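The chains referred to below are lettered A, B, ... by the order of the sequence lines, with proteins before strands, and numbering in each begins at 1. Just so we're clear, the structure is a prediction, and the values are computed from it rather than from any experiment.
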Amino acid sequence: MSTLDVTAIKADFPILSTTVRGGHRLVYLDSGATSQKPTVVLDAERNYYEQHNAAVHRGAHALAELATEDFEAARVTIAGFVGARAKDLVFTKNATESLNLVSYAFSNATALNNRGAGLIDPRFVLNPGDSIVITEMEHHANLIPWQEVCRKTGATLRWIPLTDEGRLDLTHLEDLIDHTTKVVSVVHQSNILGTINPVKMLMDRAHAVGAIGIIDGCQSVPHMPVDVHHLGADLVAWSGHKMLGPTGIGCLWGTEEILEAMPPFITGGSMIQMVEMEKSTFAPPPQKFEAGTPVVAQAVALAAGARYLEKIGMSAVADHEFELAEYTVDALNALVGVRIIGPANAHERGSAVSFVVDGLHPHDVGQVLDSRGVAVRVGHHCAWPTCRRFAVPSTTRISPYIYNDTSDIDEAIDGIVAAQEFFGVK
Amino acid sequence: MSTLDVTAIKADFPILSTTVRGGHRLVYLDSGATSQKPTVVLDAERNYYEQHNAAVHRGAHALAELATEDFEAARVTIAGFVGARAKDLVFTKNATESLNLVSYAFSNATALNNRGAGLIDPRFVLNPGDSIVITEMEHHANLIPWQEVCRKTGATLRWIPLTDEGRLDLTHLEDLIDHTTKVVSVVHQSNILGTINPVKMLMDRAHAVGAIGIIDGCQSVPHMPVDVHHLGADLVAWSGHKMLGPTGIGCLWGTEEILEAMPPFITGGSMIQMVEMEKSTFAPPPQKFEAGTPVVAQAVALAAGARYLEKIGMSAVADHEFELAEYTVDALNALVGVRIIGPANAHERGSAVSFVVDGLHPHDVGQVLDSRGVAVRVGHHCAWPTCRRFAVPSTTRISPYIYNDTSDIDEAIDGIVAAQEFFGVK
Amino acid sequence: MDLESLYQDIILDHYKHPRGKGLLDRPMGSAFHVNPTCGDEITVQVNQDPQGGLIIGYDGQGCSISQASASVLVELIHGETIEKSEEIRKAFLEMMHAQGAGDPNEDILGDAIAFAGVAKFPARVKCALLSWMALQDAEIQAGLLTTGEGA
Amino acid sequence: MDLESLYQDIILDHYKHPRGKGLLDRPMGSAFHVNPTCGDEITVQVNQDPQGGLIIGYDGQGCSISQASASVLVELIHGETIEKSEEIRKAFLEMMHAQGAGDPNEDILGDAIAFAGVAKFPARVKCALLSWMALQDAEIQAGLLTTGEGA
Ligand SMILES: Cc1ncc(COP(=O)(O)O)c(C=O)c1O
Ligand SMILES: Cc1ncc(COP(=O)(O)O)c(C=O)c1O
């Protein structure tokens, strides 16, 4: 039995009491893509603009002080949410930028090194023969940046393959992550398969060969208790909009040592120490990585979201999601002509569940669900190679969150059956 | 006489009726750093979250359609604000990212070219001997990215020097922008000096030598009518938060041809055409440059800001600012011991006016103004080399906007005199 | 929402019984298009018979809308002149961009008129257009059309 | 707001009549610090006399708070042992981070106690700390302090 009072939680999200498609109650099961926002988050953002808005870290006037305080207090809250210190948390615009910030540390360091431009940390310099290891279940955000780094440096991209049930196939791990490996970057919880990966072990393996270990926490930080220090990674990236926060904010946590060592990514104002026309020096992290006017209102709002989640308790959230995962998996398993893509049980998996329906294209399944007010995602979920691995062009995905209960899953299941009937495949 | 009804406009900005520092009416004269936000902007953002929030360009359900429509309609509005087509407008997180997106086109193209990775447009490939030309009045956002490109490629950074009155010294322009020049990137209106630069002429010169022409429009787009097609540039960057919009959104306009030719910057989801583990191909612009979940709510809110400005009329805004500039310059010129840094008349300048007070440090001037509720910016305004050029460590800057009138300027002037008295330098 | 207005019987029929599916032996032009959001794929090929009539081949996988649209395309374009083909293609594009408004010409569009309802679903418009975009590219490749024409 | 609580007479006096301004001939340690937001600069230098007393030199430009703070620093640290210097420096840091609360020790801080009011202005705390941060670095460079100690 879930310990979450889902009815009370739902009431905190104005959009969940709207109707869609001619009067249908909105059943929002697309939180893997983006979560909805509770009133406290919207209020926090608005209050910031109505009371404290000013340029941060720059002005000496009253508003500038208040805005700076708000922004840095938000950093403390959001860092605390993952057990980190504020000074080790960098704000970006989304997880994609966070991961690019990291990948560009490698291509920038390599370019600077090749031109002999200053003292470059050799851990970030890539040469042909070096390897970067990811998995076959990465979101494009943790795949394409590394493809690009490889194109620019001559390094080789490797990936850990998947088993038929959607888990990492670790058989040849020691060969995949070897002495040539300089980066190991893996998703904590797959957004398409739902699989939770043994990241600690992978990070340990990365460190054993001297590689830098990175975790894409987009689907874990919002859904389970995460303490960055327990993950064993050097860097962890995630997004605000999937954890009740606004669009336009992402996070990157790193160890102090790694953030110090990494060259900057986006450069400009507020990330400098000293500027002359000829050359500049840079501020210490996190400022070094936050050029330009930062995402101030977004940070303030995301902090309100983090506090909302903390009040519920992330263990309670994880328990709730486990129950929903179990319920969803069981219900889908019970349907004739429906196949789960990813672990078909609730063990070490999140509540996002992908599936295909025999004889039906996911777009058509999604359309029928939508006509009943049920919002799910169809497509390759920005994990196209994972779809290829399972020989499907795309999937339909149910991804619930704290404001969903089993009645919402029931609506989705009913919709799938209705789709089968409508298209006559049952 | 100003045609703007400043009293009515003020009433649209909730923060302007707050008080600071123990009951002083807030006199906000720091809009060069960031503008305040009218209620319509805050409402637009909130309504989006409460009614339409979903992942854009990805889902097939009702909310996803509404969110995508909102986002793309915002693009049409904001592009229209500068006379552009929606498909030529890229959303970023701030102008700093916009300018980095452009500068990275050069360093990425160069790195790819050096590795023989595919067909690279030679206009973006930089070699030692090539030059990049900026000015001595650039914001750090249009300086440091180019310093970094030079460090990575061996190209040389050149800059157009300044006259004592704070205008571009064009005496040696033909030598500065010559056949070695591949980039000319200049600020339209200086955020520190207020100078409005003859950008069309500079862009024409850039094109005459085959260079790509870029304009930093941060301080022009919010303050005067700007039609990107009249500027003669290939690319124009600006920020949302300085034109009534929220934090966390920037813009980059480019000609279709240039945007097509530029390699992507941040890579990941939503900017792809086809993805395999081994390689990917990219979507056409603007998507190519908008990896990851975009700044949806911010775009919707910024569009509301643009509509608000259009209702006032950008010509009326420019007239109003001209009057304020004239008033401010005259008032400062009339003070003993006060020196304007930048043009000391209202000809070809914006309303942002920097100055120094003999015997007083800008921090102390700003502090006295602040104690009276007057918010101005003190420091180097992210244009440190410009301060060096005028042999001052920093300046105090008055920068008004549509919600300010001459009575606000009077408050600042009174505060300057009070500062002189408090520190006994008068 | 009215599922029937989207999934007209004609569409479902073309989906279940696609007309003329299959690739050509030696096409003059061939274009492969994907829908990057869902991975749907289509290849459209063209040849021209001595009398100037178009010969269309296609293959693909995807949702009911994209596959039915390709089948309708073959039915409409096959045997027509390039001029007529352009007329039909442009009428189809116009209908798909009309968001359910507009007044599609049934004489020109034939079975394709059934897609008028799809235009009300922005996310599905791309599906319906996939094969038509590929057709244009294949015709350009075959030298029957010059770049940029119409679109 | 009460300007007088920020600009205590002692501060204005040190600002207008800085004590011991000037650089040393051959410093054991020297550190140059800037405030990146406003461009204020300070150089602090240290030597040690045979009895272990510190000799401090400095030069710089900046606002009243940063310059007065440097002047007070010289007055307090000059001639003291490194141990005593650390005690004073830490007391000053603590006071500046107390946001106006706390109970600064006048016996240790002397004139520097006048900066208690500055702690209420976050944007000015950096100004007040500039020379003290440089002092620490200069002492580390002189080998009188090991890195990371205190801070
Ligand atoms: C002229 C100019 N360029 C660039 C910027 C950078 O804009 P942002 O901080 O929004 O990235 C600013 C404002 O800070 C500016 O005034
Ligand atoms: C696992 C994973 N990684 C990365 C991302 C990219 O996040 P964003 O789009 O917020 O940059 C997502 C979400 O889209 C995700 O689920």
Side chain, backbone, both or neither of B/Leu16 within contact of chain A (heavy atoms, under 4.5 Å): neither
B/Ile266 portion near chain A, given a 4.5 angstrom heavy-atom threshold: both
Residue selection (most heavy-atom pairs with chain B, distance under 4.5 Å) from A/Lys152, A/Met277, A/Gln298: A/Met277
Under 4.5 Å from any heavy atom of chain B - which part of A/Val20: side chain
Structural part of B/Ser103 lying under 4.5 Å from a heavy atom of chain A: neither
Contact class of A/Leu42 relative to chain B, heavy atoms under 4.5 angstrom: both
Distance-only polar pair, side chains of A/Thr34 and A/His241, donor-acceptor under 3.5 Å: yes
Sidechain N-carboxylate O distance under 4.0 Å for A/Glu50, B/Lys37: no
Whether A/Phe71 and A/Phe91 hold their rings parallel, tilted or perpendicular, with breakpoints at 30° and 60°: tilted
Side chain, backbone, both or neither of B/Gln147 within contact of chain A (heavy atoms, under 4.5 Å): side chain
Contacting region of A/Thr396 [heavy-atom separation from chain B under 4.5 Å]: neither
Region of B/Leu66 that comes under 4.5 Å of a non-hydrogen atom in chain A: neither
Shortest non-hydrogen contact between B/Pro294 and A/Thr247, atoms and distance: O-CB, 3.8 Å
Non-neighbouring partners of B/Glu148 that pass salt bridge (charged side-chain N to carboxylate O under 4.0 Å, His left out), sequence neighbours left out: B/Arg151
Part of A/Ser35 within contact of chain B (heavy atom distance under 4.5 Å): backbone
Partner chain B: residue of A/Asn94, A/Val374, A/Val295 with the largest heavy-atom pair count (under 4.5 Å): A/Asn94
Part of B/Leu101 lying under 4.5 Å from any heavy atom of chain A: neither
Which portion of B/Pro128 sits near chain A, non-hydrogen atoms under 4.5 angstrom: side chain
Best-contacting candidate, A/Ala117, A/Ala33, A/Pro145, against chain B by heavy atom pairs under 4.5 angstrom: A/Pro145
Portion of B/Asn47 that has a non-hydrogen atom of chain A nearer than 4.5 angstrom: neither
Engaged part of B/Asn53 at the chain A interface, taking heavy atoms whose separation is under 4.5 Å: both
Residue pairs passing the side chain to side chain donor-acceptor pair (under 3.5 Å) test where at least one lies in residues 373-388 of chain A, sequence neighbours excluded: A/His381-A/Thr395
Salt bridge B/Glu45-A/Arg46, side-chain N to carboxylate O under 4.0 Å: no
side-chain contact (heavy atoms from CB on, under 4.5 Å) between B/Ile15 and A/Tyr49, worked out: CA-CA 7 Å; B/Ile15 204 171; A/Tyr49 286 126; over 6 Å; no
Largest heavy-atom contact set with chain B, pairs under 4.5 Å, which of A/Leu157, A/Val296, A/Thr18: A/Val296
Top contributor to chain A contacts, counting heavy-atom pairs under 4.5 Å, from B/Ala55, B/Cys382, B/Pro385: B/Pro385
Contacting moiety of B/Glu290, where chain A heavy atoms sit under 4.5 Å: neither
Per-residue contact mode, B/Ser239 against chain A (heavy atom under 4.5 angstrom): neither
side-chain contact (heavy atoms from CB on, under 4.5 Å) assessment of A/Ser280 paired with B/His140: CA-CA 10 Å; A/Ser280 306; B/His140 294 164; over 6 Å; no
Side-chain H-bond candidate by donor/acceptor type, B/His139 with B/Asp216, under 3.5 Å: no
Residue, of B/Lys242, B/Glu65, B/Glu138, that accumulates the most heavy atom pairs under 4.5 Å with chain A: B/Glu65
Chain A contact via B/Thr135 - which portion, at a heavy-atom distance below 4.5 Å: backbone
Structural part of B/Phe13 lying under 4.5 Å from a heavy atom of chain A: neither
Partner chain B: residue of A/Val41, A/Ile249, A/Leu369, A/Asn108 with the largest heavy-atom pair count (under 4.5 Å): A/Asn108
Donor-acceptor side-chain pairing of A/Thr92 and A/Ser98 below 3.5 angstrom: yes
Toward chain A, the part of B/Thr293 with a non-hydrogen atom under 4.5 Å: both
Parallel, tilted or perpendicular: ring planes of A/Phe265 versus B/Tyr104, cut at 30 and 60 degrees: tilted
